[in-house]
Amino acid sequence: MSHLHTAALKAAKLNHLKQLHAQLFQHSLCSDNYWVAQLIKLCTLLHAPPTYVSRVFDSVHQPNVFVFTNILKFYSQLGAHSDVLYLFDKMQKCNVAPDAFVYPILIKASRKWGIVFHAHCIKMGHDWDRFVRNAIMDMYGKFGPLEIARELFDEIPERAVADWNAMISGCWNWGNEVEARSLFDLMPDKNVVTWTAMVTGYSRRKDLENARKYFDQMPERSVVSWNAMLSGYAQNGCAEEVIRLFNEMMSCGVCPDETTWVTVISLCSSHGDASLAEGLVKMINDKGVRLNCFAKTALLDMYAKCGNLAMSRKIFDELGTYKNLVTWNAMISAYARVGDLASARGLFDKVPEKNIISWNSIIAGYAQNGQSKVAIDLFKDMIAKDVLPDEVTMVSVISACGHLGALEFGSWAVNFLEKHQIKLSISGDNALIFMYSKCGNMKDAEKVFQSMDARDVISYNTLITGFAAYGNAIEAVELLWKMKKENIEPDRITYIGVLTACSHGGLLEEGQRIFDSIKDPDSDHYACMVDLLGRNGKLDEAKCLIGSMAMHPHAGVYGSLLHASRVHKRIDLGEFAASKLFEIEPENSGNYVLLSNIYASARRWEDVDRLRGLMTVGGVKKTTGWSWIEHEGEMHKFIVGDRSHERSADIHRVLSETEKKMRLAGYVADKSCVLKDVEEEEMEEMVGTHSEKLAVAFALLVTEPHSVIRVVKNLRICRDCHTAIKIISKMEGREIIVRDNNRFHCFSEGQCSCKDYW
DNA sequence: CTAGGGTTAG
């Protein structure tokens with residue numbers, strides 16, 4: 001009933017507004033303060049577009065305090081705090097003294113100015129107005145210090161219900177459950193708002209049992225109370241409860257308002273539940289509900305998360321001038337999520353007033369789609385524009401540093417965190433663990449891990465994967481036991497990490513036992529196991545294992561077998577694995593190269609030639625990945641035969657000198673180790689490509705003797721390169737960390753940390 | 001005229 005009433009009222013008011021406007025024009029009353037004030041008041045009620053309201057406002061020559069009050073209210077309802085402050089400024093310039101009606105609006109507008117306005121109120125003598133006082137108390141309750149709110153509360157001679165309510169919410173805001181409860185118990189006349197505040201308070205503490213207890217005991221409930229309980233369940237991921245309560249609410253005859261829709265719609269998005277979403281949309285359409293900007297934004301996000309980007313864009317365009325910053329941000333991250341970075345960036349550049357979330361969305365978009373360098377460059381832009389990053393920004397940046405192996409910039413970021421006192425939560429610490437392990441700094445990775453108060457499965461997985469890459473199998477296996485002890489359930493990623501560690505660390509039996517303990521192994525686990533058996537020379541067992549698989553083996557499984565066949569020179573199994581791979585991924589040149597390496601090592605040159613022919617006929621192109629080298633915080637990009645680097649000449653000079661030194665030291669310098677000699681011939685391509693990256697790194701190391709060089713990405717090391725590294729690290733007397741695809745090699749004084757190498 | 005509920009980023 002009540003919603004029908006409001007809807008009718010709204011329609012009537014909208015009609016009234018139009019008529020009023022027309023009449024005002026007719027009687028040239030558009031500059032009359034009384035009528036303008038009334039008009040703006042109506043605009044506020046009807047959520048009129050800001051452009052329209054500001055036009056109405058501008059038509060007044062000398063706005064009075066009523067006009068200002070109403071327009072301030074309008075912007076305050078929109079949450080446009082900067083406009084509120086601007087108008088207050090204008091108000092003073094127009095010599096209009098703010099009255100007791102204005103201050104509550106101003107005080108609520110911004111955290112930053114609340115205290116200033118408090119002082120203002122005292123000066124103007126408005127601080128004894130009960131509404132002003134309530135607003136001030138509310139402000140301190142929200143933004144702190146809570147003690148001041150409490151002092152004000154205690155000073156009030158006759159406390160109104162609103163004063164109690166503001167104080168109770170204040171206590172909840174600062175996590176003071178005991179105080180909130182005792183105030184609640186002391187309070188003489190509680191109303192719906194009081195009860196709802198208790199429900200919200202417990203929901204935010206994730207204490208849903210108590211929240212529900214208060215909700216059930218409420219003498220009466222408003223839509224807001226239902227919303228509070230719904231959002232309590234939604235925030236804590238209890239999807240079924242939300243649906244159940246929502247249905248209960250409908251059967252109680254309570255009409256959902258816009259907030260209800262926002263809560264329920266956003267629940268669908270976080271669940272990615274398309275069928276639930278469909279049902280909701282049908283319900284909304286059947287009821288003929290008109291959604292506001294918040295709900296439309298939630299709907300946009302829901303479609304995006306359920307994979308219907310076209311629908312998202314449609315809502316975005318239909319919103320026209322009604323969309324707010326959140327709508328923009330939701331659309332940006334929608335594009336970023338599917339990897340459409342061009343569209344995301346296009347929108348980002350058009351956002352009228354970017355906030356931290358706009359930046360976070362676009363930076364995370366690049367970071368998650370393999371464009372770590374762009375992510376970091378954007379972050380630098382952001383800093384240059386004096387936008388202060390928050391934890392979420394830093395998570396993306398730190399993770400991007402990890403992907404690039406950019407430890408220098410990563411360390412800068414860590415300092416930045418301390419300098420600006422940005423606190424990291426679990427995901428932040430996880431990003432740090434990731435970065436340190438990707439950069440080969442397991443000591444610091446472990447230090448972060450140890451320092452965490454709470455760890456989740458991702459913390460463990462990240463560290464385990466780090467140890468696996470570094471070849472520290474025992475540490476990885478111990479972590480698996482430790483997490484089980486802490487009652488954190490290992491997932492499929494955990495087992496991939498541990499098995500990889502066993503494989504790299506040579507723990508055959510342990511790995512086998514762990515593999516057998518996996519309840520539901522998938523293709524990735526089989527691939528790890530084939531790798532483990534293969535590295536230990538048990539190739540026939542590996543083939544048997546593949547035969548026993550319940551599902552179709554993916555390329556990784558045969559890839560492991562192919563690699564092992566190459567190492568152990570098993571032509572028969574190599575041919576078997578390769579033939580499967582040519583079917584599954586005919587475009588992957590690596591498989592052809594690997595098989596022909598096997599033939600080459602057996603000197604079966606006619607087969608090598610045959611494969612080459614096959615590649616040409618099949619149109620298989622060698623793909624060469626870029627390599628990145630971090631040097632004094634800057635990332636340098638190289639590719640085979642590349643001479644585009646600005647210091648190319650220096651690098652080449654040093655390379656040839658290095659080659660000479662190596663020869664003098666009695667080593668036969670592999671020509672593929674030296675950039676200038678990289679030629680595309682025979683089967684040297686693979687070796688050549690990777691050696692080149694090393695070579696460039698060495699060159700930088702030698703030309704810049706005090707710098708730290710990290711070689712990252714796409715690196716696989718041949719024996720000859722090891723020789724080269726040994727000599728150079730001996731010559732320079734420093735430690736070099738080199739990462740290859742699967743592990744780290746830490747060289748110092750001719751020593752290498754890894755036990756077996758390719 | 002106060003006080004209680006809602007959308008976006010990891």
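Just so it is clear: chains get the letters A, B, ... in the order the sequence lines come, proteins before strands, and each one is counted from 1. What you are looking at is a predicted structure, and each value in this text was computed from that prediction instead of being measured.
Take A:Arg204 and apply the salt bridge (charged side-chain N to carboxylate O under 4.0 Å, His left out) test, not counting sequence neighbours, and it matches no residue. Qualifying side chain to side chain donor-acceptor pair (under 3.5 Å) partners for A:Ser358, counting only residues two or more places apart in sequence or in other chains: A:Asn329, A:Asn355. Applying the salt bridge (charged side-chain N to carboxylate O under 4.0 Å, His left out) test to A:Glu278 and every residue at least two apart in sequence or in another chain returns nothing. Applying the salt bridge (charged side-chain N to carboxylate O under 4.0 Å, His left out) test to A:Asp185 and every residue at least two apart in sequence or in another chain returns nothing. Qualifying side chain to side chain donor-acceptor pair (under 3.5 Å) partners for A:Asp189, counting only residues two or more places apart in sequence or in other chains: none. In this structure, the side chain to side chain donor-acceptor pair (under 3.5 Å) partners of A:Asn324, at least two apart in sequence or on a different chain, are A:Thr327. Listed by chain and number, the residues in a salt bridge (charged side-chain N to carboxylate O under 4.0 Å, His left out) with A:Asp317 are A:Arg313 (sequence neighbours excluded).
For DNA chain B, the residues of residues 208-225 of chain A within the heavy-atom distance limit of 4.0 Å (strictly under) are A:Ser222, A:Val224, A:Ser225, sorted by number. Near DNA chain B, meaning a heavy atom under 4.0 Å away, the residues from residues 292-304 of chain A are A:Asn292, A:Phe294, A:Thr297, A:Asp301.
The residue A:Ala135 sits apart from the nucleic acid: no heavy atom pair falls under 4.0 Å. At the heavy-atom level, A:Ser425 lies under 4.0 Å from base atoms of the strands shown. Across all strands, A:Thr200 comes closer than 4.0 Å only to sugar-phosphate atoms, never to a base (heavy-atom distances). When heavy atoms are screened at a 4.0 angstrom cut-off, A:Arg337 is found touching the sugar-phosphate backbone but no base atom. Across all strands, A:Lys190 comes closer than 4.0 Å to no nucleic acid atom at all (heavy-atom distances). Within 4.0 Å (heavy atoms only), A:Gln368 reaches sugar-phosphate atoms of the nucleic acid but no base atom. The residue A:Asn355 sits apart from the nucleic acid: no heavy atom pair falls under 4.0 Å. Counting non-hydrogen atoms under 4.0 angstrom, A:Val132 reaches nothing in the nucleic acid. Within 4.0 Å (heavy atoms only), A:Asn430 reaches no atom of the nucleic acid at all.
Centroid-to-centroid, the aromatic rings of A:Phe57 and A:Phe74 stay 6.0 Å apart or farther.
Counting only residues at least two apart or on different chains, the salt bridge (Lys or Arg N to Asp or Glu O under 4.0 Å) pairs with a member in residues 343-355 of chain A are A:Arg345-A:Asp349.
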Validation: residues 216-223 of chain A side-chain donor-acceptor distances under 3.5 Å, sequence neighbours left out:
residue, atom, partner, partner atom, Å
A:Asp216, OD1, A:Arg212, NE, 3.1
A:Arg221, NE, A:Phe215, O, 3.2
A:Arg221, NH2, A:Phe215, O, 3.3
A:Ser222, OG, A:Val224, N, 3.2
A:Ser222, OG, A:Ser225, N, 3.4
A:Ser222, OG, A:Ser225, OG, 3.2

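Using a 4.0 Å cut-off between charged nitrogen and carboxylate oxygen, A:Lys142 and A:Asp138 count as a salt-bridge pair.
Chain A approaches DNA chain B over the interval B:dC1 to B:dG10, counting the first and last nucleotide 5' to 3' with an atom under 4.0 Å from its heavy atoms.
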